[in-house]
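In what follows, a single structure is set out as structure tokens and then discussed.
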Amino acid sequence: MTDIFAELTWRGLIHQTTDDANLPAWLMTQPRTLYAGFDPTADSLHVGHLVALMILRRFQQAGHRPIALMGGATGMIGDPSGKSEERTLLSADTIGANVAAMEAQMRRLLYFDSGPQGAALVNNYEWMSRWTYLDFLRDVGKNFPVNVMLAKDSVRARLERTDSGLSYTEFSYMLLQAFDFVRLRESFGCELQVGGSDQWGNITAGIDLGRRMGHGQLYGMTCPLLTKSDGTKMGKTERGAVWLSPVRTSPYAFYQYWINVNDADAGRCLRMLTELPREEIESLDAARAADPARRESQRRLAEALTQLVHGPEGLAKAQQATKVLFGGEFGALTENELSEIFADVPSCELARARLEGEGIGLLDTLVTAGLAASKGEARRKIGEGGVYVNNRRENSIDRRLTTADLIGNSIIVLRMGKAKYALLRFK
RNA sequence: GGGGGGUUUCCCGAGCGGUCAAAGGGGUCAGACUGUAAAUCUGAUGGCUAUGCCUUCGCAGGUUCGAAUCCUGCACCCCCCA
């Protein structure tokens with residue numbers, strides 16, 4: 001068997017384990033079953049889920065069996081860990097839809113065939129929904145000393161805040177997650193739970209419950225949260241999270257996110273998120289130190305992740321779009337090529353007749369295309385040299401778009417700033 | 001219940017009768033530099049049919065030639081006393 005523990009260690013993926021001394025050997029002696037939980041709070045996974053998902057994938061490749069647990073039930077409660085405020089509750093329908101969407105995404109990263117290492121995907125709603133309140137209190141709740149629960153960081157942090165409390169509902173969250181572990185132990189022989197470092201309290205709660213309910217020794221392992229060198233979360237942009245769903249974050253935007261990763265963060269991302277071998281990552285480290293301007297690390301990172309999440313086609317499109325968009329003028333391109341490349345970019349349709357004669361004012365068009373919030377802003381941005389028509393800077397606020405600006409028969413490309421594009425299609 | 005303080009443009013925060021679309025900072029956006037980075041620097045940051053017009057300073061009225069600024073009432077928040 002592959003030494004998964006050593007692998008995770010050099011990648012910086014181990015933050016804390018419940019048994020540093022024995023876990024490495026335990027994982028070497030035979031295939032094990034492990035799980036990580038995902039709360040279905042949106043209809044797509046995002047970059048924040050990627051670390052845990054990749055850990056499951058690594059375990060699977062090392063010969064173990066991963067289970068992805070969808071928190072259909074726990075998602076209805078809301079995990080207070082790492083949250084500063086009480087969460088709003090999602091409806092059961094929404095959660096059901098989210099579970100289905102996330103599941104589809106996971107199928108790209110884990111192998112769900114039926115072999116001994118085949119991944120499993122389970123939804124804790126299946127068993128949680130069957131409990132009655134009284135039974136749950138008697139069978140599970142009885143095993144939770146409140147003083148221990150109160151001592152958990154996740155709970156204490158919330159109780160110490162004066163501006164927001166902790167509801168009984170959220171307080172109960174850890175019982176549900178703890179029971180999940182026990183349940184997976186019973187029905188899948190799952191003995192290891194992995195999660196982000198903020199999950200420590202929930203994981204150990206499950207281990208304690210397992211012991212009290214007579215399921216023997218369970219293990220837990222947490223990974224560091226993937227943060228940037230400035231301390232903020234990786235995978236967040238001004239426009240929100242970077243999603244795995246191509247509908248929410250286009251393959252191009254996804255690729256661009258990684259291309260733009262800071263030098264200081266590139267090494268950690270390569271280790272934690274990609275499956276590039278150690279030698280390659282170390283040689284990228286060296287290359288980055290010697291010649292950061294080449295951004296080889298970022299390129300490899302973006303390639304590896306885009307390929308993984310969006311497949312070879314997604315990667316090819318993202319790369320092609322990048323080449324063109326950052327390449328200058330596109331006079332030589334055909335309409336079809338442009339359409340293809342700009343598939344990701346917001347576009348709007350206008351009547352071709354409007355280009356005839358006088359044409360339409362650039363100012364209005366920038367607003368219609370959504371690049372400027374108002375004509376005033378459009379005017380300013382042109383003055384600042386931030387507006388481009390077909391990738392050529394435009395300086396006149398009186399500029400009108402006419403048939404002469406068309407690429408092929410129907411397209412004009414507007415750009416604001418470095419990388420914000422909008423496509424105008426004329427019919 | 002009594003007394004005091006507050007509510008300002010995306011956020012924080014100054015303004016306390018005209019020169020206020022409203023200082024300063026943050027954020028954001030654009031430009032320069034560069035490596036589609038970081039840092040730095042510059043500029044912009046309510047709208048429009050644009051040397052003017054309209055909307056904005058908790059809400060509703062009022063005083064005044066003129067109000068974010070004064071008065072009255074209402075709502076919400078904070079502090080002190082009971």
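These numbers were taken from a predicted model, which means no experiment stands behind them. Order of the sequence lines fixes the chain letters, A, B, ..., with proteins taken first and strands second; residue numbering starts at 1 for each chain.
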Partner of G1(B) under the Watson-Crick or G-U wobble criteria, both distances under 3.5 Å, comes out as C81(B)
May I ask you to check if Arg107(A) and Phe112(A) form a cation-pi contact, with NZ or CZ under 6.0 angstrom from the six-membered ring centre and within 45° of the axis?
-> yes
Send over the distance from Asn260(A) CG to G35(B) C1', rounded to a whole Å.
-> 10 Å
Among U49(B), G35(B), A38(B), the one nearest any side-chain atom of Ala293(A) is G35(B)
Between atom CG in Leu284(A) and atom P in G35(B), what is the gap in whole Å?
-> 20 Å
Between atom CZ in Arg415(A) and atom P in C29(B), what is the gap in whole Å?
-> 15 Å
Is atom CD of Glu313(A) surrounded by more than 12 heavy atoms (other residues, nucleotides or ligands) closer than 6.0 Å?
-> yes
Integer angstrom distance from the P of C11(B) to that of G5(B) | 26 Å
Between A68(B) and C59(B), how far apart are the P atoms? Round to whole Å, please.
-> 12 Å
May I ask you to decide whether Lys381(A) forms a salt bridge with Glu384(A), counting only side-chain N to carboxylate O separations under 4.0 Å?
-> yes
If you measure from the Lys or Arg side-chain nitrogens to the Asp or Glu carboxylate oxygens, is any gap between Arg300(A) and Glu303(A) under 4.0 Å?
-> yes
Within the distance-only criterion (no hydrogens, no angle test), does the side chain of Gln60(A) pair as donor or acceptor with the backbone N or O of Leu56(A) below 3.5 angstrom?
-> no
Using the C1' atom on both, measure A22(B) against U69(B) and round to a whole Å.
-> 11 Å
Would you say C48(B) has OP1 or OP2 under 4.0 Å from some side-chain N or O of Ser374(A)?
-> yes
Inter-nucleotide P distance (G43(B), C78(B)), Å rounded = 41 Å
Is Tyr388(A) touching bases, backbone alone, or none of the nucleic acid, heavy atoms closer than 4.0 Å?
-> sugar-phosphate
Using the P atom on both, measure A14(B) against G52(B) and round to a whole Å.
-> 32 Å
Rounded P spacing from G6(B) to C10(B) in Å | 23 Å
Rounded to whole angstrom units, what separation is found between the CG atom of Leu363(A) and the C1' atom of G47(B)?
-> 14 Å
Under 4.0 Å between a Lys/Arg side-chain N and an Asp/Glu carboxylate O for Arg57(A) and Glu275(A)?
-> yes
Whole angstrom is fine here: how far is it from CZ in Arg288(A) over to P in A38(B)?
-> 16 Å
Asn391(A) CG to U36(B) P, straight-line distance once rounded to whole Å | 14 Å
Which letters describe nucleotides 40-45 of chain B, given B = protein heavy atom under 4.0 Å from base, S = only from sugar-phosphate, - = neither?
-> ---BSS
Picking from U36(B), A30(B), G35(B), the nucleotide nearest the side-chain atoms of Lys418(A) would be U36(B)
Return the value, rounded to whole Å, for the distance between atom CG of Leu301(A) and atom P of G35(B).
-> 21 Å
Test: Arg400(A) and Asp405(A) ion pair at under 4.0 Å | no
Should we count OH of Tyr421(A) as having more than 12 external heavy atoms under 6.0 Å?
-> yes
Please measure how far the C1' atom in C70(B) lies from the corresponding atom in G17(B), and state the result in whole Å.
-> 7 Å
Separation of A37(B) C1' from Tyr255(A) OH (nearest whole Å) | 15 Å
Residue matched to U34(B) through Watson-Crick or wobble contacts both under 3.5 angstrom | none
What about Asp291(A): does its side chain form a donor-acceptor pair under 3.5 Å with the base of G35(B)?
-> no
Let me know, please, whether Gly385(A) or Gln256(A) comes out on the 5' side of the other along RNA chain B by nearest nucleotide.
-> Gly385(A)
C79(B) versus A44(B) - spacing of their P atoms, nearest Å = 41 Å
Please work out if Arg393(A) contacts a base, only the sugar-phosphate, or nothing of the nucleic acid, heavy-atom cut-off 4.0 Å.
-> sugar-phosphate
Salt bridge or not for Asp43(A) and Arg248(A), using N-O below 4.0 Å?
-> yes
Of Tyr252(A) and Gly376(A), the one whose closest RNA chain B nucleotide lies more 5' = Tyr252(A)
